[in-house]
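The first residue of the sequence shown is numbered 1, and numbering continues consecutively from there.
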Amino acid sequence: MATEQKKEAFRKYLESAGVIDSLTKVLVTLYEEPDKPTTAIDFLKANLGGPTPAEFEALVEEKNTLAAELDKVKGELAAAHAKIEALSAPPAPETPAE
């Protein structure tokens with residue numbers, strides 16, 4: 001009995017979140033598609049708003065490029081901070097010449 005209650009609670013959750021409606025619409029669209037796609041899962045992803053595999057790869061590449069650029073800029077920032085510290089440090093006291 002507890003299993004049935006869990007199933008019903010999950011179904012209500014999916015329904016209230018709009019998941020059932022979204023999936024139904026996409027499946028109906030796939031059903032009505034005259035030229036069925038070779039990969040139904042890609043069709044579902046594209047119609048649910050997810051990126052296509054090509055878009056995903058492009059996003060991964062962009063992320064990697066931006067991460068490398070961020071590392072470079074962090075290095076430049078650290079060097080600039082070191083330079084500022086060196087320039088703003090008080091001069092060492094001079095020892096009198098004997």
Side-chain angles (χ1 to χ4, degrees):
M1 186 67 174
T3 305
E4 286 299 318
Q5 289 174 341
K6 287 181 181 179
K7 285 181 183 178
E8 183 61 23
F10 187 65
R11 187 194 64 73
K12 286 182 181 178
Y13 162 73
L14 292 176
E15 191 173 315
S16 67
V19 173
I20 292 176
D21 286 339
S22 294
L23 286 174
T24 302
K25 288 176 185 175
V26 171
L27 290 172
V28 167
T29 303
L30 178 60
Y31 176 77
E32 293 173 346
E33 185 72 26
D35 298 323
K36 302 288 188 250
T38 55
T39 54
I41 196 75
D42 288 342
F43 179 87
L44 293 175
K45 286 178 186 178
N47 284 280
L48 282 172
T52 65
E55 291 170 332
F56 180 78
E57 289 301 320
L59 289 171
V60 168
E61 182 61 34
E62 181 181 4
K63 179 194 80 81
N64 292 339
T65 302
L66 291 172
E69 185 178 335
L70 177 62
D71 289 341
K72 177 185 170 201
V73 170
K74 281 182 178 180
E76 292 171 357
L77 179 62
H81 278 281
K83 188 174 183 179
I84 290 171
E85 280 294 317
L87 293 174
S88 65
E94 294 183 24
T95 57
E98 291 183 30

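In this structure, Leu59 is not a member of the same hydrophobic cluster as Leu48, with clusters built from ILVMFWY side-chain heavy atoms closer than 4.5 Å.
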With side chain to side chain contact (heavy atoms under 4.5 Å, CB included) as the criterion, how do Leu44 and Leu23 come out once you've worked through the C-alpha distance, each side chain's angles and the decisive distance to 0.1 Å?
CA-CA 8 Å; Leu44 293 175; Leu23 286 174; over 6 Å; no
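Taking Glu15 as the reference, Arg11 meet the salt bridge (charged side-chain N to carboxylate O under 4.0 Å, His left out) condition, with sequence neighbours excluded. Among residues two or more places apart in sequence or in another chain, the side chain to side chain contact (heavy atoms under 4.5 Å, CB included) test is passed with Lys63 by none.
Val60 belongs to a hydrophobic cluster whose other members, connected by ILVMFWY side-chain contacts under 4.5 Å either directly or through intermediates, are Phe56.
Lys83 contributes no side-chain N or O that, together with a main-chain N or O of Ala78, makes up a donor-acceptor pair within less than 3.5 Å. Formation of a donor-acceptor pair under 3.5 Å by the Lys36 side chain with backbone atoms of Leu30 is found in this model.
The shortest non-hydrogen separation linking Phe43 to Thr29 is CZ-CG2, 3.8 Å.
Rounding to the nearest 0.5 angstrom, the gap separating the CG atom in Leu66 from the CD atom in Glu61 is 10.0 Å. Note: Leu70 CG to Thr65 OG1 = 12.5 Å, rounded to the nearest 0.5 Å.
You'll find the side chain of Ile20 reaches within 4.5 Å of the side chain of Thr24, heavy atoms only.
Looking at Glu69, Lys74, Glu76 one by one, the single match for side-chain contact (heavy atoms from CB on, under 4.5 Å) with Lys72 turns out to be Glu76.
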